[in-house]
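The structure appears right after this line, and notes come after that.
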Protein chains: 2
Amino acid sequence: MTTSFETLAQQFRAQGHKLTQPRRAILRTLLATPKPLSPAEIQERGQKLYGDLGLVTVYRTLELMETMGVLRAVHVADGCHGYALATPGHTHHVVCERCHDVVEIVGCDLGHFLDRVAETTGYTITGHWLEISGICPACQRQQAR
Amino acid sequence: MTTSFETLAQQFRAQGHKLTQPRRAILRTLLATPKPLSPAEIQERGQKLYGDLGLVTVYRTLELMETMGVLRAVHVADGCHGYALATPGHTHHVVCERCHDVVEIVGCDLGHFLDRVAETTGYTITGHWLEISGICPACQRQQAR
DNA sequence: TTCGCAATTGAAAAAGATTTTCAGTACAGA
DNA sequence: TCTGTACTGAAAATCTTTTTCAATTGCGAA
């Protein structure tokens, strides 16, 4: 469940994309924190790794990574959202509503429920998007003081 | 699961909000379609009911209704999103990825799973956001031609 | 029914977010 | 080492959302 730079790099190459310095900076920035980051935050932090990182490039790279399935938009409480790495496949995010840390989890037990949804609605179910909100252990400790 | 104009109007009054002509137009517009609508679409359609409907008022009213729990942002495939009415309480949306119709469903069977997520991550779970995508019966019939 | 207050409104302006353009650069394969 | 094309970023443009402020209106009280 923890992605490495090399894993991501490999996925870029596997799909015929160049691994440029701006892109390396973006990948390292996303890997450096468990928090979802906005495009502007990614640019700001990424520029510490590659001084010329442009905001347009950040937008383009995030879109590419979303298409590759290695990154996902994450919603924080008030609707504003950032991006967090995601392991391709059936994974979901748990987001701390205090500090916004994100944890990835695998699977979600919705199988039978989705079958029933198909029955009652007549829809052919093709997918789902689940995000869980909560309070992380560190914020729980902080709150108990 | 089907909200009426009167139900919504009652909820406005119950929280001390005025039921103005712009707001009536917005409510009727949202009730008139099962599709999620963008603020601009709500304004465009709402102006057929109240000619002076301003976009700012649409934004303010949508925010108010979200706060009241009677409306929710809905994500369509490419991330752009609209707003759809939602019955307060434990309900989720099923969204057709062809025509973007939305159906509301109650409950979701995640109880035990969320317990397990709490165990494995250490998070105190406070809520979740689930959206199911599929193909509605009408689009299935269309596709079978 | 009338009045008054404060919530509500919408145009204009501003701010924020995202995309497009285009000339220059750089990555990777030959 | 060379070359082609993917990639880049500044500038401009577009889109989305919010703020300002004077005017309007809904509703409760009299």
Side-chain angles (χ1 to χ4, degrees), chain A residues 5-6 8-29 36-68 71-83, chain B residues 5-6 8-29 36-68 71-83:
Chain A
F5 180 87
E6 271 317 306
L8 290 169
Q10 181 47 39
Q11 280 172 316
F12 267 75
R13 294 190 191 102
Q15 301 197 19
H17 298 296
K18 294 177 177 176
L19 200 61
T20 60
Q21 292 198 62
R23 286 177 176 172
R24 291 170 186 274
I26 291 168
L27 294 187
R28 294 195 191 286
T29 297
L37 300 171
S38 69
E41 286 171 319
I42 295 170
Q43 184 195 17
E44 184 190 345
R45 297 182 188 209
Q47 283 182 330
K48 290 164 180 157
L49 303 170
Y50 179 73
D52 279 344
L53 184 60
L55 186 54
V56 178
T57 298
V58 175
Y59 275 100
R60 289 191 189 111
T61 304
L62 292 178
E63 188 187 352
L64 178 63
M65 292 175 74
E66 243 184 323
T67 298
M68 291 165 63
L71 166 134
R72 197 174 293 152
V74 170
H75 293 74
V76 192
D78 56 358
C80 77
H81 66 273
Y83 292 87
Chain B
F5 179 87
E6 271 316 304
L8 291 168
Q10 183 44 40
Q11 277 169 316
F12 268 74
R13 296 192 190 99
Q15 300 198 20
H17 299 297
K18 293 177 180 177
L19 201 60
T20 61
Q21 289 198 66
R23 286 177 176 174
R24 291 172 187 272
I26 290 167
L27 294 187
R28 292 195 193 285
T29 297
L37 299 171
S38 70
E41 287 172 319
I42 296 169
Q43 183 195 19
E44 183 190 347
R45 298 182 187 209
Q47 284 183 330
K48 291 165 180 155
L49 304 172
Y50 180 72
D52 279 341
L53 184 61
L55 186 55
V56 176
T57 297
V58 175
Y59 275 99
R60 289 192 189 111
T61 305
L62 292 177
E63 188 188 349
L64 178 62
M65 291 175 74
E66 243 185 322
T67 299
M68 290 164 66
L71 165 135
R72 195 175 295 152
V74 171
H75 293 74
V76 193
D78 58 358
C80 75
H81 64 272
Y83 292 87

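Just so it is clear: chains get the letters A, B, ... in the order the sequence lines come, proteins before strands, and each one is counted from 1.
By the neighbour-count criterion of 12 heavy atoms within 6.0 Å, atom CD of B:Gln10 is densely surrounded, having more than that number from other residues, nucleotides or ligands.
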Might you work through the side-chain contact (heavy atoms from CB on, under 4.5 Å) test for B:Arg23 and B:Leu64, ending with a clear yes or no? CA-CA 11 Å; B:Arg23 286 177 176 174; B:Leu64 178 62; 3.8 Å; yes

Quick one: do A:Leu27 and A:Met65 satisfy side-chain contact (heavy atoms from CB on, under 4.5 Å)? Show the steps, please. CA-CA 10 Å; A:Leu27 294 187; A:Met65 292 175 74; 3.3 Å; yes

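Taking atom OH on B:Tyr83 and atom P on D:dT16, their separation rounds to 12 Å, with Å as the unit. As rounded to whole Å, 14 Å separates atom C1' of C:dT9 from atom CG of B:Leu64. Distance CD1 (B:Ile26) to P (C:dT8): 12 Å, rounded to an integer number of Å. Rounded to whole Å, the distance from CD1 on B:Ile42 to C1' on C:dT9 is 17 Å. Rounded to whole Å, atom P of D:dT8 lies 9 Å from atom CG of A:Leu53. Atom-to-atom, CG of A:Leu19 to C1' of C:dT25 comes out at 16 Å; the value is rounded to the nearest Å. Between B:Tyr50 atom OH and D:dT24 atom C1' the separation is 9 Å, expressed in whole Å. Residue B:Glu63 contributes atom CD, which lies 16 Å from atom P of C:dA7 at whole-angstrom precision.
Checking C:dA26, D:dT17, D:dG9 against every side-chain atom of B:Leu55, the shortest atom distance belongs to D:dT17. Of all nucleotides listed (D:dT8, C:dT18, D:dC27), D:dC27 comes nearest to the side chain of B:Lys18. Residue A:Arg60 has its side chain nearest to C:dT20 when only C:dT20, D:dT5, C:dG10 are considered. Distance from the side chain of A:Val56 is smallest to C:dT19 among C:dT19, D:dT18, D:dT8. You'll find that the side chain of B:Arg23 is closest to C:dT9, out of C:dG10, C:dT9, D:dG9.
For A:Thr20 and D:dT8, the shortest distance from a side-chain N or O to OP1 or OP2 is below 4.0 Å. Between A:His17 and D:dC7, a side-chain N or O to OP1/OP2 separation shorter than 4.0 Å is present. Remark: B:Tyr59 is in phosphate contact with D:dT17, judged by side-chain N or O atoms under 4.0 Å from OP1 or OP2. Dashed line: the shortest gap from a side-chain N or O of A:Gln21 to OP1 or OP2 of C:dA26 is not under 4.0 Å.
Heavy atoms of B:Phe12 sit nowhere under 4.0 angstrom from any nucleic acid atom.
When the nearest nucleotides of DNA chain D are assigned to B:Pro39 and B:Arg13 by heavy-atom distance, the more 5′-ward of the two goes with B:Pro39.
For the pair A:Arg24 and A:Phe5, the cation-pi criterion (under 6.0 Å, within 45° of the ring axis) is not fulfilled.
Remark: side-chain polar atoms of B:Thr61 are paired, donor with acceptor, to backbone N or O of B:Thr57 under 3.5 angstrom.
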